[in-house]
Amino acid sequence: MHSPRFVLTPPPATAAGPHPHHQAPTMIRVRFAPSPTGYLHVGGARTALFNWLFARHHGGKFILRIEDTDEARNTDAARQAILDGLRWLGLDWDEGPEAGGDHGPYFQSQRKPIYDAALARLEAAGRTYTEENGAVRFKFSRTAITVRDLVCGDVTFAPTEEPDMTLRRPDGSYIFHFVNVVDDAEMGITHVIRGEDHLSNTWKHMDLFAALGKDAPVYAHIPLILNPGGSKMSKRDEGASIQSYVDSGFLPDAVFNYLCLLGWTPRAEGEKLDRATLVSLFDPAGVHSANARFDMHKCAWFNAQYLRELDPAALLAAARPFLEKAGIIVTDDSLAAAALQSVKEKVSRLAEFPEWVHYFFREDYPTEEDALAKLRAKPENPALLQAAAAAFQALTEWTEPAVHTAIEDAAKGAGVKPGALMPLLRFALSGQTRGPGVATIAHLIGKERTLGRIQSALAKMG
RNA sequence: GACCCCUUCGUCUAGCGGUUAGGACACAUCCCUUUCACGGAUGCGACACGAGUUCGAUUCUCGUAGGGGUCGCCA
């Protein structure tokens with residue numbers, strides 16, 4: 001952790017054009033190489049995120065490569081889930097599926113000739129041997145190998161006593177470690193940022209790079225994301241799948257921001273930081289080396305922060321699918337936008353909106369039973385509601401301040417504080433005991449529906 | 001079993017020999033308030049343990065314990 005770290009990259013060229021005495025700075029090339037398992041895991045997403053930040057920070061290339069050598073698990077749907085998840089997070093790739101590039105193909109399933117050629121080179125160098133059943137193995141160099149890791153520092157592995165590693169199965173298909181290294185070499189990957197679970201195998205990869213006559217990339221092994229219980233995040237854990245954030249109404253920017261802070265602390269004021277700031281501050285050497293536990297509470301807090309920044313139109317656009325999914329029919333966009341606006345500081349996820357605003361959109365909204373019981377308990381309540389109805393009836397203009405004043409006047413006329421009347425009206429107009437200001441609700445639903453709802457509340461009470 | 005990484009409030013973390021150990025989320029209380037929230041204020045709360053180095057360890061070294069990971073003809 002405290003071992004010296006080398007300078008990450010040469011400083012960017014200050015002047016345009018080639019300089020006779022300096023080599024052009026190498027273009028940073030990083031990659032995210034998921035295997036299509038059917039969903040994008042939050043840990044993988046953060047790995048992709050760090051790679052993306054690094055590429056963008058240095059003006060380099062972010063490459064997406066699909067490691068689909070496992071035929072059984074490789075389906076279009078599984079592949080699509082990865083792409084969708086990355087796109088939702090805003091992690092655009094410069095080379096890869098649907099983007100093209102000069103180093104393709106970007107599916108391992110289509111790169112067999114490249115692997116065959118690389119294997120031939122290893123064979124020519126005398127670094128392989130074939131077993132009786134046809135499997136091909138790699139002769140380890142069996143020397144001490146030091147991984148110079150941006151996050152973990154120098155990690156030295158003693159000469160191995162493990163059996164030589166298999167490169168190719170008898171059926172001709174290749175093993176992960178081999179194709180991974182060949183692809184990184186062929187694609188000119190300069191930095192490998194990946195989960196710490198790969199650290200223990202990195203010496204094998206370096207051994208392979210050396211045998212191939214290539215320089216190994218610079219490594220940065222980032223800590224794993226653990227579930228609240230402290231063990232590795234699995235499919236079943238809340239928040240494990242990126243799709244679950246989409247479904248519960250997270251905003252991509254919020255998830256992006258939260259994931260950045262799991263293991264990395266940008267040296268900036270505050271924690272809510274936009275992408276441009278995150279990009280400009282990112283440095284893998286500043287990544288923490290201990291695993292981090294996932295905290296849905298904090299992730300939701302970030303989402304609430306980002307939700308509040310949405311203007312009414314953007315909020316409606318974001319929430320509309322969730323309203324529709326809950327059976328709410330939006331016929332008046334300005335009403336819907338205002339209704340959402342009125343409760344947006346009360347929710348942290350878009351999926352929570354329907355339960356807060358459903359009564360703005362229909363008259364057959366449910367009523368909270370215990371609240372109804374409370375209202376029935378006081379015999380003077382119906383008269384208070386009648387007084388409010390009368391005050392509303394007399395109003396000629398239906399603005400929020402006018403409605404508010406009418407409520408206060410009605411309370412005064414009945415000899416009670418506004419605070420005694422408000423809860424009654426809230427219940428009558430929304431069926432709920434919580435929500436936006438009463439005057440806001442009345443104003444938004446309009447005079448006619450306000451009066452109608454008071455009458456039906458009186459009917460229920462009496 | 002071997003090897004590798006890790007260990008500061010419940011959680012994410014700042015700290016890089018001398019600090020009243022700081023912040024964020026969560027939690028509690030108070031203020032604001034027609035409800036629920038937001039916001040503001042305050043509080044609760046941590047250096048895993050044991051040696052060593054040093055005038056002095058959260059910080060450096062070693063050990064122990066605990067957690068995680070890797071040792072596939074999975075990726």
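Every chain is numbered from 1, with letters handed out A, B, ... down the list of sequences. Values in this document were obtained by computation on a predicted structure and should not be read as measured data.
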Requested in this report: With heavy atoms under 4.0 Å as the rule, sort A:E161 into base, sugar-phosphate or nothing.
Outcome: nothing
Query raised in the report: Going by distance alone, is a donor N or O of one side chain under 3.5 Å from an acceptor N or O of the other, for A:S348 and A:N303?
Result: no
Report summary line: For B:rG39, the nucleotide meeting Watson-Crick or G-U wobble distances (both under 3.5 Å) is B:rC31
Query raised in the report: So what does A:G435 touch, heavy atoms closer than 4.0 Å: a base, only the sugar-phosphate, or nothing?
Result: base
Tabulate atom names and distances for all N/O pairs under 3.5 angstrom spanning the protein and nucleotides 39-46 of chain B.
residue, atom, partner, partner atom, Å
B:rG39, OP1, A:R308, NH1, 3.3

Query raised in the report: Contact class for A:H221 (heavy atom, under 4.0 Å): base, sugar-phosphate, or nothing?
Result: nothing
Query raised in the report: Parallel, tilted or perpendicular: which fits the ring planes of A:Y258 and A:F302, with parallel below 30° and perpendicular above 60°?
Result: tilted
Query raised in the report: Would you say B:rC4 has OP1 or OP2 under 4.0 Å from some side-chain N or O of A:S200?
Result: no
Query raised in the report: Starting at the 5' end of RNA chain B and moving along, which residue's nearest nucleotide shows up first, A:P34 or A:P423?
Result: A:P423
What protein N or O atoms touch nucleotides 10-13 of chain B N or O atoms at under 3.5 angstrom, if any, and at what distances?
residue, atom, partner, partner atom, Å
B:rC12, OP1, A:R293, N, 2.9
B:rC12, O2', A:L261, O, 3.0
B:rU13, OP1, A:G263, N, 2.8
B:rU13, O3', A:T265, OG1, 3.0
B:rU13, O2', A:T265, OG1, 3.2

Query raised in the report: Between B:rC73 atom P and A:F178 atom CZ, what is the distance in whole Å?
Result: 15 Å
Query raised in the report: Would you call A:R121-A:E186 a salt bridge at under 4.0 Å N-O?
Result: yes
Query raised in the report: Is any NZ, NE, NH1 or NH2 atom of the basic residue among A:E162 and A:R142 found under 4.0 Å from an Asp or Glu carboxylate oxygen of the other?
Result: no
Query raised in the report: On the ring face of A:W264, is A:R46 found with NZ or CZ under 6.0 Å from the centre and within 45° of the axis?
Result: no
Query raised in the report: Judged by modelled atom types alone, do A:S141 and A:D207 share a side-chain donor-acceptor pair under 3.5 Å?
Result: yes
Query raised in the report: Under 4.0 Å between a side-chain N or O of A:R169 and OP1 or OP2 of B:rC74?
Result: yes
Requested in this report: For A:N133, answer base if it contacts any base atom (sugar-phosphate contacts may also be present), sugar-phosphate if it contacts only those atoms, and nothing otherwise; contact means non-hydrogen atoms under 4.0 Å.
Outcome: base
